[in-house]
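So the structure is just underneath, and the comments pick up after that.
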Protein chains: 2
Amino acid sequence: MAKTASPKQQLFEQLALIGRALGHSARLELLDYLAQGEHSVEDLARAARLSVANTSKHLQQLRAAGLVDARRDGKYVRYTLADERLLDMLAAMRGIARTHLDTVRDLLASYLQGRDGLEPVPAHDLMRRARDGLVTVLDVRPAEEYAQGHIPGALNIPLERLRERIAELPVDRQIVAYCRGPWCVLSFDAVAGLRAAGFDARRLEDGLPEWRRAGLPVVRE
Amino acid sequence: MAKTASPKQQLFEQLALIGRALGHSARLELLDYLAQGEHSVEDLARAARLSVANTSKHLQQLRAAGLVDARRDGKYVRYTLADERLLDMLAAMRGIARTHLDTVRDLLASYLQGRDGLEPVPAHDLMRRARDGLVTVLDVRPAEEYAQGHIPGALNIPLERLRERIAELPVDRQIVAYCRGPWCVLSFDAVAGLRAAGFDARRLEDGLPEWRRAGLPVVRE
DNA sequence: GCTGTATTCAACGTTTTGGTTGAATGAAAG
DNA sequence: CTTTCATTCAACCAAAACGTTGAATACAGC
């Protein structure tokens with residue numbers, strides 16, 4: 001005879017499905033990429049440095065939890081975030097982690113080696129200063145992610161190219177770099193590199209997904 | 001030699017700790033009780049129908065994820081929610097689950113057998129109507145949870161007592177019942193029972209934790 | 001001190017999850 | 001129709017999570 005679970009138990013069981021889906025670093029990383037836009041399986045596998053089969057299995061788990069959608073596109077299967085509310089969940093997770101997990105506090109502190117000047121720029125500040133032409137907005141994500149949506153007027157120089165293309169940046173204005181999210185390494189590294197090269201550089205507080213979620217304008221080119 | 005993980009990986013690993021903590025129905029149920037107020041271990045074990053040792057281990061896992069705090073109080077250890085933002089996370093989880101998981105949709109639909117009249121009352125509606133004396137607010141949670149905080153003016157009749165104490169309720173006004181959260185079974189059952197007894201009964205959309213989180217007034221007696 | 005009660009710990013077997021490998025499927029291109 | 005490539009599936013082992021048991025710890029009351 002099968003176990004009979006109360007409706008209450010069944011609901012908790014379903015919620016736990018979502019929790020478990022968020023309970024593995026590889027899946028969180030995949031979600032981070034998916035928050036930037038649509039990606040194929042092998043695309044994600046490469047980005048997360050996972051085997052394709054493993055990536056596929058993780059994606060299926062995310063799909064079973066209702067967090068991502070998949071659609072066939074010729075030979076490829078393109079995955080996307082199923083629900084923007086997931087960004088709220090992840091933001092709450094980060095908030096709790098930062099407040100209550102010492103390891104997280106330490107890790108974030110060690111990123112912020114430059115201290116003072118590296119305090120992040122809030123989104124609404126950037127909006128105002130960008131409109132007044134006071135800053136250069138720099139998107140340091142890979143070109144494909146930039147193409148799928150970015151802050152209006154932002155210049156795209158993927159982090160790996162920053163060193164070689166640094167001459168394209170104006171020296172007279174502050175540079176505000178952003179990437180995938182508030183904890184994305186790319187913009188931390190970019191700001192460090194830019195400051196080392198003599199620029200006045202700051203990080204945007206959040207990444208593009210949060211910017212979009214806040215209802216701020218995003219363009220596709 | 002130990003595995004060296006990048007800071008990015010380490011951060012995801014930490015977040016996954018929180019995800020995993022939310023990845024088990026028993027822990028979600030414990031959090032649901034804890035959202036009502038402080039509870040001892042055996043208290044929680046009884047409520048969730050778990051062994052004490054098992055409950056203790058789950059609580060420690062929640063603590064390691066920074067979701068709950070523990071304090072000694074004589075012989076007892078009292079656990080509480082560590083962060084109100086957890087309520088935001090759980091709300092987002094419920095939202096996603098309801099939209100994307102068929103099982104959840106079905107379970108919620110089967111609760112709402114009475115359909116039409118059982119649409120839940122939004123919190124701000126209740127505030128207005130309670131102020132104007134148009135409704136009776138009924139808290140159907142156990143007395144200990146009511147004692148730790150409830151909606152001002154609410155009458156407490158735990159669900160198990162409802163049948164025997166139903167005469168205490170005024171027949172001329174609508175009754176709005178609430179309990180632990182938007183998916184808490186207690187108020188669903190209460191409303192069904194009240195309607196069967198001829199009352200005009202509705203459910204509050206959310207439970208007390210969400211009411212408190214929304215900044216609405218809560219009293220302790 | 002001793003006793004009773006609440007909680008945690010350690011050890012154990014069981015179940016579930018994670019990751020790999022190699023084969024199977026589905027669609028496009030020749 | 002065969003080849004090719006992206007993805008999924010199935011089988012397998014290794015690792016982690018669950019739950020129980022019985023012992024250990026912590027505190028209150030005597």
Side-chain angles (χ1 to χ4, degrees), chain A residues 2-3 5 9-10 12-31 33-34 38-65 67-80 144, chain B residues 2-3 5 9-10 12-31 33-34 38-65 67-80 144:
Chain A
K3 280 255 183 70
Q9 296 296 336
Q10 289 181 57
F12 282 129
E13 202 52 65
Q14 292 291 307
L15 284 183
L17 205 64
I18 296 180
R20 266 198 301 276
L22 300 174
H24 194 285
S25 60
R27 285 191 292 271
L28 291 172
E29 187 169 359
L30 293 174
L31 288 173
Y33 295 127
L34 288 170
E38 216 173 34
H39 288 282
S40 72
V41 177
E42 72 166 355
D43 202 0
L44 291 164
R46 188 164 3 89
R49 300 166 168 279
L50 299 170
S51 76
V52 173
N54 194 9
T55 305
S56 172
K57 227 166 54 165
H58 280 307
L59 288 169
Q60 282 169 58
Q61 222 169 319
L62 290 170
R63 203 154 79 112
L67 302 184
V68 306
D69 285 329
R71 72 177 179 89
R72 253 233 178 243
D73 174 21
K75 282 200 292 194
Y76 303 89
V77 175
R78 312 266 186 204
Y79 281 87
T80 50
E144 312 83 56
Chain B
K3 279 255 183 69
Q9 296 296 335
Q10 289 180 59
F12 281 129
E13 201 54 64
Q14 292 290 308
L15 284 183
L17 205 64
I18 296 180
R20 265 198 301 278
L22 300 174
H24 194 286
S25 59
R27 285 190 291 270
L28 291 172
E29 187 168 359
L30 293 174
L31 289 174
Y33 295 126
L34 288 169
E38 215 174 34
H39 288 282
S40 71
V41 178
E42 72 166 356
D43 202 0
L44 291 164
R46 188 164 2 91
R49 299 167 168 277
L50 298 171
S51 76
V52 173
N54 195 8
T55 304
S56 172
K57 226 165 57 166
H58 281 307
L59 288 169
Q60 281 169 59
Q61 222 169 317
L62 290 170
R63 202 154 80 113
L67 303 184
V68 305
D69 285 329
R71 71 177 180 88
R72 238 209 201 258
D73 175 21
K75 282 199 295 191
Y76 303 89
V77 176
R78 313 266 185 204
Y79 281 87
T80 50
E144 312 83 55

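Just so it is clear, the values below take in all heavy atoms, side chains as well, and ignore hydrogens, waters and symmetry mates. So you know, we letter chains A, B, ... as the sequences are listed, proteins then strands, and number each from 1.
Regarding contacts with the backbone of D:dA17, every side-chain N or O of A:R20 stays at 4.0 angstrom or more from both OP1 and OP2. In this model, the phosphate group of C:dG26 is not approached by any side-chain N or O of A:R72 to a distance below 4.0 Å at OP1 or OP2. Distances shorter than 4.0 Å separate some side-chain N or O of B:H24 from OP1 or OP2 on D:dG19. Of the side-chain N and O atoms in B:Y79, none sit less than 4.0 angstrom from OP1 or OP2 of C:dA6. The side chain of A:S51 places an N or O atom within less than 4.0 Å of a non-bridging phosphate oxygen (OP1 or OP2) of C:dT20.
Shortest non-hydrogen contact noted between A:Y33 and A:L44 is CB-CD2, 3.7 Å. Among all heavy-atom pairs drawn from B:A16 and A:L28, the shortest one is N-CD1, 3.4 Å. B:V41 and B:T55 make their closest contact through O-CG2, 3.9 Å (heavy atoms, listed as atom of the first residue, atom of the second, distance). Contact record, B:A65 with B:I18: O-CG1, 3.6 Å, taken as the closest heavy-atom pair.
Following rounding to the nearest Å, B:Q9 (CD) and C:dG18 (C1') show an atom-to-atom distance of 15 Å. Going from atom NZ of A:K75 over to atom C1' of C:dT25 covers 14 Å, rounded to whole Å. B:R71 places its CZ atom 15 Å from the C1' atom of C:dA6, with the value rounded to the nearest Å. The distance from atom CG of B:D43 to atom P of C:dT7 is 9 Å, rounded to the nearest whole Å. Between A:Y76 atom OH and D:dA6 atom P the separation is 5 Å, expressed in whole Å. As rounded to whole Å, 13 Å separates atom C1' of D:dA16 from atom CZ of A:R27. The nearest whole Å value for the distance from the CG atom in A:L50 to the P atom in D:dA6 is 17 Å. Rounded to whole Å, atom C1' of D:dT7 lies 13 Å from atom CG of A:D73.
Ring geometry, A:H58 versus A:H24: the interplanar angle falls from 30° to 60°, so the pair is classed tilted.
A side-chain donor-acceptor contact under 3.5 Å links B:S56 and B:Q60.
At a threshold of 4.0 angstrom between heavy atoms, the contacts of A:R78 with the nucleic acid are absent.
Taking a 4.0 Å limit (strictly below) on heavy-atom distances, residues 52-65 of chain B reaches DNA chain D at B:A53, B:N54, B:K57, B:H58, B:Q61.
Atom CG of B:L30 and atom CG of B:L59 lie 5.5 Å apart (nearest 0.5 Å).
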